[in-house]
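Below is one structure, written out as C-alpha cells, with a few remarks after it.
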2 protein chains.
Amino acid sequence: MTAGKPPASSAPSAPPTPPAPSQRRSEATRAAILEAARERFAADGYERATIRAIAKDANIDPSMVMRYYGNKEGLFAAAVTIDLRLPDPAALPRDEAGRALVAHFLAMWEESEVLTALLRVGTTNQAGAERMQGIFREQVLPLAQRFCPDPEQVPARAALVSSQLLGFALTRYILRFPPAVALDTQEAAAWLAPTIQRYLTAPYPQ
Amino acid sequence: MTAGKPPASSAPSAPPTPPAPSQRRSEATRAAILEAARERFAADGYERATIRAIAKDANIDPSMVMRYYGNKEGLFAAAVTIDLRLPDPAALPRDEAGRALVAHFLAMWEESEVLTALLRVGTTNQAGAERMQGIFREQVLPLAQRFCPDPEQVPARAALVSSQLLGFALTRYILRFPPAVALDTQEAAAWLAPTIQRYLTAPYPQ
DNA sequence: GAGCGGAGTCAACATGTGTTGGCATACGCT
DNA sequence: AGCGTATGCCAACACATGTTGACTCCGCTC
C-alpha cells in the first residue's frame with residue numbers, strides 16, 4: 001500500500017497506450033499460480049495447501065505468490081471466485097425447476113475443482129464460510145425468490161435447497177461415500193430433482 | 001510399548017485387589033483432555049486445533065497429551081468416537097421412519113459437539129473422511145437395509161439419506177447460512193422428514 | 001523411613017509455515 | 001545502445017507446530 005502511485009488511468013500527458021498486454025508478461029505466471037492454488041485448495045483445504053506447494057506446482061518461487069497476491073488470504077480470494085451461472089428463472093417452467101437446477105449443479109461440480117475447493121475451505125476457514133454465505137445470499141436467494149410466492153418462506157426454502165445440493169456434493173466429492181460416488185449423474189438427478197422441486201414450490205409442510 | 005509389563009489380569013499370588021481407582025488418578029485429566037479436544041476439533045478442524053491449545057484448555061502440559069494418546073491422530077481417534085444410537089428399525093412404523101430419523105439426528109447434533117468435530121475434520125483430513133465412511137457403512141447402511149426391499153438399492157438410498165442429513169448439518173452448524181440457523185428443529189424436521197422418507201421407501205424414480 | 005512408580009512440569013529440538021528483502025536478469029522503450 | 005522496470009530467484013527471519021527427554025513431586029508399598 002505504498003502511496004504516491006497514481007492509478008494508471010489518464011496520467012497527464014502519458015502516451016495514449018494503456019499498459020499494453022506485452023507489459024503483462026506475467027499473466028501466464030499469474031494464471032499458473034491461480035490454477036495450482038485451486039487444485040491445492042480443492043485437494044487439501046486451506047491450512048494444508050501451503051504456498052510453497054502451490055508455488056512448486058506452478059514452477060515458480062513462493063515469493064512470487066506474495067508479490068502478486070499479497071498474502072495467502074489474497075491468493076485464496078483471487079483463486080476462488082465463483083459464479084454459479086444459475087439459469088434464468090423466467091425461462092424455466094415452474095415444474096421443471098428442480099430437474100434443471102440439479103442438472104446444472106452436478107455439471108458445475110464435475111467440470112471444475114473450484115466448488116470443491118470452496119466447500120473444503122468453507123468448512124475449516126471463517127473467510128471461506130463467509131464467502132459461501134455471500135454466494136448463497138446473492139445468487140441462490142434471488143433465484144428462489146422467483147419460485148416461491150410467499151416472500152417470508154424464501155430464505156428457508158433456499159437454505160433447504162442448498163442443504164441438499166451441498167450435502168450431495170459433500171458425500172460424493174469430499175467424503176467420497178462409495179454409493180454416492182457410484183451413482184451416475186442421471187440417477188443422482190432423478191433422485192434429487194423431486195426434493196429440490198418440493199423445497200422450491202411445494203406448500204409449506206403442515 | 002516397553003515390554004516386560006505383564007497384563008494386570010491374574011498375576012500369580014497377587015493381591016486380589018485389581019488396580020484400584022486410586023491408581024487411576026489420571027482419569028480426570030484424561031477426560032479433561034478429551035473434552036477440550038472435542039471442543040477444539042469441532043470449532044477449528046483438525047489442523048488448526050493445536051495440541052498446545054487443547055492442553056491449555058485442559059489446564060495441563062502439552063506433553064501429557066502425548067503421553068496419554070501417543071500423538072495427535074491418536075488423540076483425535078480417542079476424542080471422536082461416535083455411536084449414532086440409531087433407533088431400532090423393527091420398532092419403527094415404516095411410514096414414520098423419515099420423521100423419526102430426522103428428529104433423532106437433529107437431537108444428536110444439538111446435544112453435543114462430536115458430530116460437528118467429525119464433520120469438520122472429515123472434510124479436511126483423510127482419516128476423518130474414512131471415519132465417516134466407516135460410520136456410514138456400519139451404522140447407516142444396516143438401518144436402510146430394513147426399509148428397502150431391493151437390496152441393490154440400499155447403498156444408494158442410504159447415501160442419499162446421509163447427503164440430506166449431513167447437508168443440513170453443514171449449512172446449519174458449519175457454514176451457518178442464516179436461514180438454516182433460524183429454522184427451529186420442528187420446522188426443519190417438517191421439511192426434511194418427507195425427503196428422508198422418500199429416499200428410504202419411495203419407489204425408484206423413473 | 002526407603003524405595004518405587006505414576007503424574008505432572010519444563011525446556012528443548014526439528015521441522016514447516018507465511019512472509020520479507022536483496023540481488024540478478026531479461027524485456028521494452030527512447 | 002542504454003536504461004529503467006518488471007520479473008524471477010535465493011536466503012533468511014520470526015514464529016508456531018508436533019514431539020521428545022530429563023527432571024520434580026506426590027502417594028503408596030515394603
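Per chain, numbering begins at 1; letters A, B, ... match sequence-line order. Basis for what follows: all heavy atoms, side chains included, without hydrogens, waters or symmetry-related copies.
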Without decimals, in angstroms, what is the distance between D44(A) CG and dG16(C) P? 15 Å
For dT20(D), does OP1 or OP2 lie under 4.0 Å from any side-chain N or O of S63(B)? no
One pair to check against side chain to side chain contact (heavy atoms under 4.5 Å, CB included): R157(A) and V161(A). What are the steps and the verdict? CA-CA 6 Å; R157(A) 288 173 184 267; V161(A) 168; 5.6 Å; no
NA contact type, Y68(A), heavy-atom cut-off 4.0 Å: base, sugar-phosphate, or nothing? sugar-phosphate
Looking only at dG18(C), dT9(C), dA12(C), the nucleotide nearest the R52(B) side chain is dA12(C)
Starting at CZ of R67(B) and ending at C1' of dC10(C), how long is that distance when rounded to a whole Å? 13 Å
Between OH of Y69(A) and P of dG8(D) the distance, given in whole Å, is 11 Å
Using side-chain heavy atoms (C-beta onward) and a distance below 4.5 Å, is N125(A) in contact with E47(A)? yes
Tell me: NZ of K72(B) to P of dT20(D), nearest whole Å? 15 Å
In this structure, how many angstroms lie between the C1' atom of dC23(D) and the CE atom of M64(B), rounded? 14 Å
Round to a whole Å and report the spacing from CG of D61(A) to P of dC10(D). 7 Å
OP1 or OP2 of dT7(D) versus the side-chain N and O atoms of T29(A): is any pair under 4.0 Å? no
Where each residue is assigned the nucleotide of DNA chain C containing its nearest heavy atom, which of N59(B) and E73(A) is assigned the position nearer the 5′ end? N59(B)
Integer-rounded Å distance: dC9(D) C1' and M66(A) CE: 16 Å
Any chance CD of E73(A) has more than 12 other-residue heavy atoms, nucleotides or ligands included, within less than 6.0 Å? no
Nearest heavy-atom pair of L143(A) and P89(A): which atoms, and what distance? CD1-CG, 3.6 Å
Between dA7(C) (P) and I60(B) (CD1): distance, integer Å: 13 Å
